[in-house]
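Throughout, numbering of the chain's residues begins at 1 and tracks the sequence. As the structure is a computational prediction, the values presented were derived from the model and not from experiment.
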Amino acid sequence: MSLTLNSGQEIHRWCRNFPGTKAQISAARRFVAGYLGDRPETYTAELVISELATNAIRHTRSGQAAGRFGVSLHAGTALLIVAVHDEGGPSTPHLRQADNTDQSGRGLHLVDSLATRWGVHGDEAGRTVWALIPLDQTT
């Protein structure tokens, strides 16, 4: 039996590393779903991790040959912290204004709208982009 946040056993932190390829984004989403189970926040957390992991492999050394990214989940009683750890790169993640015809540039806006708060820690040697997602207190 898999342990999830819904189980009677309390798990406060789960972490896993993934190869820095597009195919691993869905694996990261499954990792999140495995932790949260059928909680109402599962889809939101999967979507946030998907966006952050996509940014890691697109904009950092995590997406280069032999690159990796990490996913960590920390649950308290009221908040879930989701984070993606990358191998760094020349630019810092930030909100940008995408034109209507742009194919990208909206991911962090989506994270910003779904999370209570988000931020970045680190530098060009490696970063963690995190987001806070409120947990439903009735489950």
Just by modelled atom types, is the Gly89 backbone N or O under 3.5 Å from a matching donor or acceptor in the Arg127 side chain?
yes
Do Ile25 and Trp130 sit in one hydrophobic cluster, given that two such residues count as connected whenever their side-chain heavy atoms are within less than 4.5 Å of each other, even indirectly?
no
Shortest non-hydrogen contact from Arg61 to Glu87?
NH2-O, 3.0 Å
Parallel, tilted or perpendicular: which one describes the rings of Tyr35 and Trp14, with boundaries at 30° and 60°?
tilted
Taking side-chain contact (heavy atoms from CB on, under 4.5 Å) as the criterion, tell me which of Leu135, Thr44, Leu80 meets it with Arg39.
Leu135
For residues His59 and Ser91, is any side-chain donor paired with an opposing acceptor at under 3.5 Å?
no
Which heavy atom of Ala28 sits nearest to which heavy atom of Ile49, and what is that distance?
CB-CG2, 3.9 Å
Are any side-chain N or O atoms of Thr128 and backbone N or O atoms of Val84, one a donor and one an acceptor, separated by less than 3.5 Å?
no
Which of these, Val48, Val32, Val111, Val129, sits in a side-chain contact (heavy atoms from CB on, under 4.5 Å) with Val82?
Val48
Euclidean distance, Leu132 CG relative to Thr116 OG1, rounded to 0.5 Å
6.0 Å
If you look at every heavy atom in Ala56 and Asp86, which pair is closest and at what distance?
CB-CB, 3.9 Å
Residues Thr60 and Gly88: closest non-hydrogen pair is CB-O, 3.2 Å
Output the distance between atom CD (Glu41) and atom CG (Leu79), rounded to the nearest 0.5 Å.
10.0 Å
Any chance you could measure Leu114, atom CG, to Tyr43, atom OH, to the nearest 0.5 Å?
8.5 Å
If you measure from CG on Leu108 to CG on Asn55, what distance do you get to the nearest 0.5 Å?
5.0 Å
Ser26 OG to Glu46 CD distance, which is reported to the nearest 0.5 Å
10.5 Å
Looking only at heavy atoms, the pair that brings Arg29 and Ser50 closest together is NH1-CB, 3.5 Å
Where Phe69 and Ala53 come nearest, the two heavy atoms and their spacing
CE1-CB, 3.7 Å
Arg16/Val71 under side-chain contact (heavy atoms from CB on, under 4.5 Å): CA gap, chis, key distance, verdict
CA-CA 5 Å; Arg16 182 172 162 200; Val71 172; 5.5 Å; no
Using side-chain contact (heavy atoms from CB on, under 4.5 Å), reason through Phe31 and Leu73 one step at a time and then give a plain yes or no.
CA-CA 10 Å; Phe31 173 73; Leu73 307 164; 3.9 Å; yes
dist Arg68:CZ -> Ile57:CD1 (nearest 0.5 Å) comes out at 13.0 Å
